[in-house]
Amino acid sequence: MLRVEGLSVSYGAVQALNDVSLEVPPGRVTAVIGANGAGKSTLMRSLAGLVKPQAGRVLFDGDDITGRKPEDIARMGISLVPEGRSTIPELSVEDNLKLGGMWRSHTQRSTSLSRVYSLFPILGERRSAGADTLSGGERQQLAIGRALMCGPQVLLLDEPSLGLAPLIVAQILELVEGMARDSGLAVLLVEQNATVALRIARMGVVLNLGTVVGRGPSGELLASEELRHIYLGTG
Amino acid sequence: MALALVLVWRSTRVVNFAQVGQAMFTTFLALAAYQLSGNWFVALIAAIVGGAVLGVIVHALVMRPVRRQDGSGAIIATFGVLISLQAGASIIWGVDPRAYPPLFDVVGYEAFGRTWPFAPYDALILGVMVILVLALTVVFTRTSLGLRMRASAFNPTVARLSGVRVSQMLALGWAIAGSIGAIAGVLIAPRFSVTPYSLDILLILAFTAAVIGGLDSLVGAVAFGVGTGLVLSLVTGYSDAGNAPIVALALLALNLLLKPQGVFGHHQSRSV
């Protein structure tokens with residue numbers, strides 16, 4: 001579905017991503033894990049078109065989408081939920097959702113809206129409340145809901161666990177995993193919290209200082225030495 | 001005019017000091033159109049279209065490149081545009097004052113044996129502004145276009161990720177604000193003589209009204225636009241006309257001390 005080939009991004013003299021390749025197949029969750037500053041968010045931002053890569057390609061269903069504008073990439077079916085619960089506090093819950101996928105037909109959008117409300121019932125209950133009145137977990141649900149309103153084939157989740165209680169994180173990620181399984185959605189999940197991410201992901205990629213240092217089935221990664229090395233500094 | 005400032009603020013988060021310059025320019029355009037056609041409404045339409053085009057040009061040529069840097073650069077740039085427009089108008093039309101014909105009577109109503117400083121023409125201005133505010137409020141809060149425009153202003157990144165063409169929305173915001181400013185300019189022009197600098201005082205007044213009303217609030221802008229206007233006509237009426245800007249600035253200062261977010265503004269608080 002989504003294929004990344006040799007992606008390199010630098011901010012001035014700082015190389016944030018160096019020759020990163022990975023694949024995001026439909027119907028399952030793929031995790032990218034790594035410590036702070038590993039280049040995880042840069043990867044997500046360049047996939048969504050917010051950052052222009054210096055080298056490499058991003059292929060979506062075989063089409064080269066490298067360097068396209070974020071609004072065009074969103075319209076193609078790749079939806080990013082950025083780090084830090086990207087809701088618009090000045091708008092109501094429902095307006096935040098309606099913002100997603102405005103280019104789609106009325107029927108498509110109302111189907112998506114009722115689907116989001118059934119996935120996240122709390123959003124339906126609070127639809128006319130201001131988004132600034134929601135709790136952190138609710139806002140994360142709202143941010144994911146907005147992305148789903150775009151009717152994506154690929155969902156990019158950047159650090160959804162940030163600042164949330166473990167129980168809420170588990171609930172949200174389980175929902176995401178279920179969505180991938182049931183509707184064939186391709187999910188790329190970026191997480192600092194490796195245990196949480198690898199629990200729902202089929203495959204994992206380990207990123208360190210912008211370079212892929214390990215990849216494989218989640219179970220193997222969880223037990224691997226590399227991971228221990230990166231996170232704990234033991235060998 | 002306050003309304004136009006609020007519009008640009010709402011749709012782009014920039015206080016547009018060039019607004020009066022744009023309105024002055026379109027008033028000259030309207031005057032030219034009036035002299036050609038002899039029709040007041042043709043002149044108004046010329047101003048509206050000119051205002052929209054000018055708004056888009058200012059946005060595309062000046063604001064977009066500047067916005068890539070930080071916030072204060074954009075505000076300084078609007079001053080630059082203001083000065084350029086004034087210089088340009090002086091070159092094209094000269095600095096001699098010209099009269100702008102009113103649509104109808106500018107002599108005040110007569111009641112209780114005296115003439116009041118409120119003419120049928122003022123009623124027209126008030127009516128037009130009320131209609132504009134209602135229309136804009138409906139567009140901003142009830143339509144999907146309004147939602148896209150607001151989202152583009154509040155958080156351009158999230159809007160783009162949602163598939164909104166943010167640059168189009170910003171250009172549209174500037175076009176609408178340019179048109180509103182143009183309408184205000186043409187409506188108010190009969191009260192002034194038209195020169196490249198005749199609307200300068202309005203900048204102070206409109207800015208005062210917009211800030212007091214709350215930069216976020218269309219209703220506030222118009223309510224306090226009218227309020228400021230009333231206070232200032234009292235001041236001009238009972239003392240010297242030269243005192244008006246001082247009183248306006250005093251009102252502004254008082255308001256900033258007491259209620260910085262504006263009477264109708266939302267309290268800004270953001271948390272992550």
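Below, chains carry the letters A, B, ... as their sequence lines are ordered, and counting in each starts from 1.
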Peer 1: Side-chain donor-acceptor pair under 3.5 Å between A:Glu191 and A:Ser161, yes or no?
Peer 2: yes

Peer 1: Give me the one residue out of A:Ser79, A:Pro82, A:Ser86 that meets side-chain contact (heavy atoms from CB on, under 4.5 Å) with B:Leu161.
Peer 2: A:Pro82

Peer 1: Taking the six-membered ring of A:Phe60 as reference, does the NZ or CZ atom of A:Arg3 fall below 6.0 Å from its centre and within a 45° cone about the axis?
Peer 2: no

Peer 1: Would you say the side-chain atoms of A:Arg127 and A:Ser92 include a donor-acceptor pair closer than 3.5 Å?
Peer 2: no

Peer 1: Between the side chains of A:Glu83 and A:Ser41, is a donor N or O closer than 3.5 angstrom to an acceptor N or O?
Peer 2: yes

Peer 1: So for A:Leu99, is it side chain, backbone, both, or neither that comes closer than 4.5 Å to the heavy atoms of chain B?
Peer 2: both

Peer 1: Just by distance, with hydrogens left out, do A:Arg104 and A:Ser112 show a side-chain donor and acceptor under 3.5 Å apart?
Peer 2: yes

Peer 1: Quick check on A:Leu80 against chain B: is it the side chain, the backbone, both or neither that has a heavy atom closer than 4.5 Å?
Peer 2: both

Peer 1: Quick one: do the A:Asn96 and A:Thr87 side chains pair a donor with an acceptor below 3.5 Å?
Peer 2: no

Peer 1: Spell out the residues in residues 147-157 of chain A that have some non-hydrogen atom less than 4.5 Å away from a non-hydrogen atom of chain B, in order of number; otherwise answer 'none'.
Peer 2: A:Cys150

Peer 1: Among A:Pro70, A:Gly136, A:Gly49, A:Ala74, who wins on heavy-atom pairs under 4.5 Å with chain B?
Peer 2: A:Pro70

